[in-house]
*Asks:* 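Got a structure here, written out as structure tokens. Questions coming.
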Amino acid sequence: MRGTHRGQILFMTRRLFLKVWLPLLLALLLGVGVSQIAPRHFVWLALLLAALLVTLASVLAAYAVAQKMALRADRMIQFADHLADGDLTARMEENSGDGMEIVVRALHTAAARLEKNFHALEDRRKELETVLDSMEEAVIAVNSQGHIQWTNKVMERLTVGPIRIGCAVVQTVRDPDLLACVEQALRERVVVKGRARSILPGKIFEISVAPMLGGSAVVVLHDMSEIERVEKTRRDFIANVSHELRTPLTSISGYAETLMEEEAQISAQARDFLGIICKNAARMNRLTEDLLALARIESGEYKLRCHPVVASALVEDAVNLFSGSLRATEVRLEAGERVNERVVADTDAVLQVFSNLLENAAKYGGVGKRIVIGAQVVADAVEFSVQDFGAGIPSEHLDRIFERFYRVDKGRSKDSGGTGLGLAIAKHIILAHGGGIRVESELNCGSTFFFTLPLAV
């Protein structure tokens, strides 16, 4: 740009010298020559005539230059308008003889680079559009006002009517859960997840709305219908099998116990065999009961009777109820830090959670001879804890500890008679309360299970 300005100044200086100052200098030299050979009044007349000629020539030259510059400026404006309208192939005449060739050449270079960058962006946009159209998930892009900017082909197939680009989402999709997620994501600028059940009849979609730069957001809908169908089939199968097993297991236990009462008619070896039968039948009974309980919780048939409860009362009830059952294991149950805030909870369900966590702590952390139950306020909830001082849980097991039938020490778990469902049941009960559950552990320092319950308003 500095070289361009220098060229324009040199050009205008040369033009001004040739059109104005050179004629004026010649006129003055002519006047001086005339003054040497002519009277005074002829001298003034010659000077006046020369001045008039110079002025006229200057005006004509300035007019011509101004007209040429105006014409060039109009062409530059037209060139800029073509670029603004998207015509990146527009060009201007370079060899115009007005000294603006450097400027025109620079504009042409900028236009060529702009055209190249535009084509590159267009290619990337088409690639991204192709990728999004090939996805299995439906995608919607909305602006800060919640108006649809773009959708992929999958979303177009989901909607009954045409998608109205530039209109509000509610004019295309009327699912209240989807609209609530979009509104929350745009308002709070956070990732929001949810479930939509009324976009298409019989279809369930997982919603994920993520905020983007500029106040906009992108909505991704993942079809969960088949997964939900398989999960429901699995839950129904487990519930039906567990229910059908209860009757034969009860019969086996009853007959085995009846035979064991006949002390004179059976041998010691037969008594041992019957004891093994009773022990395993009782374990199968516990397993079927846990499976039925877990199936009820997962299917939504498990109804909570929630009401405001003082957090410290839950801790004290758990200590009073389960201290006696732990005496046989020589593990001391203690109440730690407590708070008097009220939480929304089903007392029986929460005590079931405490029972499962305490049973787990006694089995795997009983070597510490002490278990501490406590509660503290965190954010908008109360966090309860069950802490043991045993061997701890290796870090590779912490992410899967709440899965059904998952065992850290498989041999030891079988010897203890556990079903492997206690922590899974506790997790689903807490999730049904709207809380969360987690575990922290360090080898040789014990484990602490935490679960939260929402504060009562």
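In this text, all values refer to a predicted model and were calculated from it rather than measured experimentally.
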*Asks:* Report yes if some heavy atom in the side chain of Leu453 is under 4.5 Å from a heavy atom in the side chain of Val344; otherwise report no.
*Replies:*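 No, every pair of side-chain atoms sits at 4.5 Å or beyond.
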
*Asks:* Considering only heavy atoms from C-beta outward, does the side chain of Met155 approach that of Val173 to under 4.5 Å?
*Replies:* yes

*Asks:* Working to the nearest 0.5 angstrom, can you tell me the gap between Ile373 CD1 and Leu358 CG?
*Replies:*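 Here the rounded value is 4.5 Å.
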
*Asks:* Got a sec, which residues hit side chain to side chain donor-acceptor pair (under 3.5 Å) with His147, two or more places apart in sequence or on another chain?
*Replies:* none

*Asks:* Closest approach of Ala361 and Ile371, non-hydrogen atoms and distance?
*Replies:*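 Ala361 and Ile371 have their closest heavy atoms at CB-CD1, 3.6 Å.
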
*Asks:* Evaluate side chain to side chain contact (heavy atoms under 4.5 Å, CB included) for Leu304 paired with His433, printing each intermediate quantity in order.
*Replies:* CA-CA 8 Å; Leu304 296 174; His433 279 83; 3.7 Å; yes

*Asks:* Could you pull out the closest heavy-atom pair between Gly215 and Leu186, with the gap in Å?
*Replies:*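 Of all heavy-atom pairs spanning Gly215 and Leu186, the closest is O-CD2, 3.4 Å.
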
*Asks:* Are any of the side-chain heavy atoms of Leu321 and Leu351 separated by less than 4.5 Å?
*Replies:*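 They are in contact (side-chain heavy atoms under 4.5 Å apart), so the answer is yes.
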
*Asks:* Between Arg271 (side chain) and Met260 (backbone), is there a donor-acceptor pair under 3.5 Å?
*Replies:* yes

*Asks:* With distance as the sole test, does Ser253 use its side chain to make a donor-acceptor pair with the main-chain N or O of Thr250 at under 3.5 Å?
*Replies:* no

*Asks:* State, yes or no, whether a side-chain contact exists between Cys445 and Phe389 at a heavy-atom distance under 4.5 Å.
*Replies:*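 SC-SC contact between Cys445 and Phe389 ruled out.
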
*Asks:* Search all heavy atoms of Ile393 against all heavy atoms of Ser447 and return the closest pair with its distance.
*Replies:*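 Smallest interatomic distance, heavy atoms only, reads CG1-OG, 3.4 Å.
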
*Asks:* Is it true that a side-chain atom of Asp346 and a backbone atom of Cys306 form a donor plus acceptor pair closer than 3.5 Å?
*Replies:* no

*Asks:* Mark yes when over 12 heavy atoms from residues, nucleotides or ligands other than Arg189 sit less than 6.0 Å from its CZ; otherwise mark no.
*Replies:* yes

*Asks:* Would you call Ile140 and Ile163 a side-chain contact if the rule is heavy atoms closer than 4.5 Å?
*Replies:* no

*Asks:* List for me each residue that meets ring pair (Phe, Tyr, Trp, His ring centres under 6.0 Å) alongside Phe451, sequence neighbours excluded, and say none if there are none.
*Replies:* Phe354, Phe384

*Asks:* List the atom of Ile252, the atom of Ala281, and the distance in Å for their closest heavy-atom pair.
*Replies:*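 Closest approach of Ile252 to Ala281, heavy atoms only: CG2-CB, 4.3 Å.
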
*Asks:* Any chance you could lay out the side chain to side chain contact (heavy atoms under 4.5 Å, CB included) test for Ser385 and Phe449, step after step, and finish with the verdict?
*Replies:* CA-CA 6 Å; Ser385 62; Phe449 287 81; over 6 Å; no

*Asks:* Would you mind checking if Glu334 and Arg370 are paired as a salt bridge, meaning a charged N to carboxylate O distance below 4.0 Å?
*Replies:* yes

*Asks:* Determine, for Glu183 against Arg187, whether the closest basic-nitrogen to carboxylate-oxygen distance falls under 4.0 angstrom.
*Replies:* yes

*Asks:* So, Asn356 and Gln352: side-chain donor and acceptor under 3.5 Å apart, yes or no?
*Replies:*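 Present: a donor and an acceptor within the cut-off.
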
*Asks:* Show me the donor-acceptor pairs within less than 3.5 Å that the side chains of residues 196-204 make with the rest of the protein, sequence neighbours left out.
*Replies:*
residue : atom : partner : partner atom : Å
Ser198  : OG   : Asp175  : OD1          : 2.3
Lys203  : NZ   : Asp223  : OD2          : 3.4

*Asks:* Does the side chain of Ile165 come within less than 4.5 Å of Trp150's, by heavy atoms?
*Replies:*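 With C-beta onward as the side chain, the pair stays apart.
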
*Asks:* Where the side chain of Asp177 meets the backbone of Ala180, is there a donor-acceptor pair that is under 3.5 Å apart?
*Replies:* no

*Asks:* State, yes or no, whether a side-chain contact exists between Ser208 and Val219 at a heavy-atom distance under 4.5 Å.
*Replies:* no

*Asks:* Got a second to check how far Ser441's OG is from Gln387's CD, nearest 0.5 Å?
*Replies:* 10.5 Å

*Asks:* Given 3.5 Å as the limit, does a donor-acceptor pair link the side chain of Asp388 with the main chain of Gly446, or not?
*Replies:*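 Not at all, since once roles are kept as given, no pair shorter than 3.5 Å links the two residues.
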
*Asks:* So, using ring pair (Phe, Tyr, Trp, His ring centres under 6.0 Å) as the criterion, who are the partners of His307 when residues are at least two apart?
*Replies:*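 Listed in chain order: nothing, the list is empty.
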
*Asks:* What pairs of residues pass the salt bridge (charged side-chain N to carboxylate O under 4.0 Å, His left out) test when at least one of them lies in residues 434-457, not counting sequence neighbours?
*Replies:* Glu383-Arg438, Arg438-Glu440

*Asks:* Under the criterion side chain to side chain contact (heavy atoms under 4.5 Å, CB included), I'd like the reasoning laid out for Asn280 against Ile276: C-alpha separation, chi angles, the key distance, then a yes or no.
*Replies:* CA-CA 6 Å; Asn280 284 279; Ile276 294 174; 3.4 Å; yes

*Asks:* So, Ser144 side chain and Ser216 main chain: donor-acceptor pair closer than 3.5 Å or not?
*Replies:* no

*Asks:* Taking the side chain as every heavy atom from C-beta outward, state whether Met224 and Arg195 have any atom pair closer than 4.5 Å.
*Replies:* yes

*Asks:* Determine whether more than 12 heavy atoms belonging to other residues, nucleotides or ligands lie under 6.0 Å from atom CG of Asp380.
*Replies:* no

*Asks:* Between CD1 of Ile148 and OG1 of Thr172, what distance do you get to the nearest 0.5 Å?
*Replies:*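 If we round to the nearest 0.5 Å, Ile148:CD1 and Thr172:OG1 are 3.5 Å apart.
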
*Asks:* Just how far is it from atom CD of Glu156 to atom OG1 of Thr151, taken to the nearest 0.5 Å?
*Replies:*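 If I round to the nearest 0.5 Å, the distance is 4.5 Å.
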
*Asks:* Mind checking side chain to side chain donor-acceptor pair (under 3.5 Å) for Glu226 and listing every partner two or more places apart, or none if nothing turns up?
*Replies:*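 With sequence neighbours excluded, Glu226 shows a side chain to side chain donor-acceptor pair (under 3.5 Å) to Arg229, given in chain and number order.
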
*Asks:* More than 12 heavy atoms of other residues, nucleotides or ligands under 6.0 Å from CD of Glu188: yes or no?
*Replies:* yes

*Asks:* Heavy atoms only: give me the nearest Val209-Ala185 pair and the separation to one decimal.
*Replies:* CG1-CB, 3.4 Å

*Asks:* What distance do Glu403 atom CD and Leu421 atom CG have between them, rounded to the nearest 0.5 Å?
*Replies:*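 Nearest 0.5 Å value for the CD-CG distance: 12.0 Å.
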
*Asks:* Give me the atom names and distance for the closest heavy-atom approach of Val315 to Ala335.
*Replies:*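 Shortest heavy-atom separation between Val315 and Ala335 comes out as CG1-CB, 4.2 Å.
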
*Asks:* For the CG atom of Leu423 and the CD atom of Glu359, what is their distance to the nearest 0.5 Å?
*Replies:*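 The distance works out to 9.5 Å.
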
*Asks:* Check step by step if side chain to side chain contact (heavy atoms under 4.5 Å, CB included) holds for Thr448 and Phe450.
*Replies:* CA-CA 6 Å; Thr448 305; Phe450 300 93; 3.2 Å; yes

*Asks:* With a 3.5 Å distance limit and no angle check, can you tell me whether Arg157 reaches the backbone of Ala138 through a side-chain donor-acceptor pair?
*Replies:* no

